[in-house]
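Report on the structure given below.
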Amino acid sequence: MGEKLSSQERIFAEMIALGENHIGGLTNKELAEKVGTSETNMCRDIAIFEKFGMVERNGKGAWRLSPKFGGLAGQIAKSYQKARLELSRDEERYATAMQ
């Protein structure tokens with residue numbers, strides 16, 4: 001990253017970097033270098049990720065995004081499925097009433 005990021009922007013940059021390096025994971029130092037911040041900031045940010053269950057350590061001790069983080073995509077997909085089902089039910093109810 002070229003420019004200095006705000007703490008909010010840094011969190012997104014960290015999520016992206018962790019996602020791009022999921023299998024191998026990243027140490028605090030590696031993640032700090034990728035994002036262009038200090039290890040102190042990284043430790044603080046990782047503590048926030050941990051607090052919310054969004055990161056875990058892999059077998060080598062490096063950080064990666066947790067299954068809970070990945071589960072968010074599944075929740076979004078379920079929301080769309082539910083919305084389609086509700087819309088389909090409404091459409092059927094209206095079509096029946098119009099006959």
Side-chain angles (χ1 to χ4, degrees):
M1 305 250 134
E3 81 254 21
K4 182 167 170 44
L5 302 174
S6 71
S7 58
Q8 295 87 354
E9 291 170 322
R10 197 174 61 235
I11 292 289
F12 282 101
E14 292 161 3
M15 286 189 300
I16 292 166
L18 287 168
E20 290 172 345
N21 296 275
H22 184 73
I23 300 300
L26 295 168
T27 64
N28 283 1
K29 182 178 180 179
E30 292 168 333
L31 191 50
E33 288 173 359
K34 285 194 176 288
V35 175
T37 193
S38 68
E39 287 187 61
T40 301
N41 281 341
M42 192 53 54
C43 288
R44 192 177 312 123
D45 294 348
I46 287 292
I48 293 168
F49 278 114
E50 275 191 295
K51 178 180 178 178
F52 288 92
M54 296 291 129
V55 294
E56 65 180 17
R57 291 191 184 267
N58 66 13
K60 296 179 181 179
W63 293 108
R64 66 179 177 190
L65 296 172
S66 70
K68 181 178 179 179
F69 182 91
L72 293 173
Q75 290 175 356
I76 292 168
K78 285 179 186 176
S79 293
Y80 279 111
Q81 291 169 350
K82 182 179 176 184
R84 277 193 300 273
L85 180 61
E86 288 175 9
L87 184 59
S88 178
R89 286 179 183 156
D90 283 348
E91 180 182 31
E92 183 178 326
R93 191 168 54 97
Y94 277 81
T96 300
M98 293 183 337
Q99 294 177 2

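Treat the numbers as computed from the prediction; the structure is a model and nothing was measured. Computed from heavy atoms alone, side chains included, the values below leave out hydrogens, waters and symmetry copies.
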## Note on the structure
For L26 and E30 the tightest heavy-atom approach is CA-OE1, 3.3 Å

### Message
Could you report the tightest heavy-atom contact between K4 and E9, atom names first, then the distance?
### Response
O-OE1, 4.4 Å

## Note on the structure
The reported gap from CD1 in I48 to CZ in R44 (rounded to nearest 0.5 angstrom) is 8.0 Å

### Task
Taking all non-hydrogen atoms of both residues into account, name the closest pair between G25 and A62 and its distance.
C-CB, 3.7 Å

#### Entry: Heavy-atom closest contact (S66 atom, G53 atom, distance)
OG-O, 2.6 Å

### Query
For the atom pair CG (N21) and CG (N58), what is the distance rounded to the nearest 0.5 Å?
11.0 Å

#### Entry: CD1-CZ distance between I23 and R64, expressed to the nearest 0.5 angstrom
7.0 Å

### Task
Grab the two heavy atoms, one from A17 and one from K34, that are nearest each other, plus how far apart they are.
CB-CD, 4.4 Å

### Message
Going by the rule side-chain hydrogen bond (donor to acceptor under 3.5 Å, both in side chains), which residues pair with N28 if we only count those two or more places apart in sequence or in a different chain?
### Response
W63

### Message
Would you compute the distance between atom CZ of F69 and atom CG of L18 and round it to the nearest 0.5 angstrom?
### Response
8.5 Å

### Query
How close do D45 and R10 get, heavy atom to heavy atom, and via which atoms?
OD2-NE, 2.6 Å

### Query
Does some side-chain heavy atom of M42 sit less than 4.5 Å from a side-chain heavy atom of E14?
yes

### Task
Ignoring hydrogens and angles, tell me if any N or O in the side chain of T96 forms a donor-acceptor pair with the backbone of E92 under 3.5 Å.
yes

### Query
Do L5 and T37 come within less than 4.5 Å of each other through their side chains, counting heavy atoms only?
no

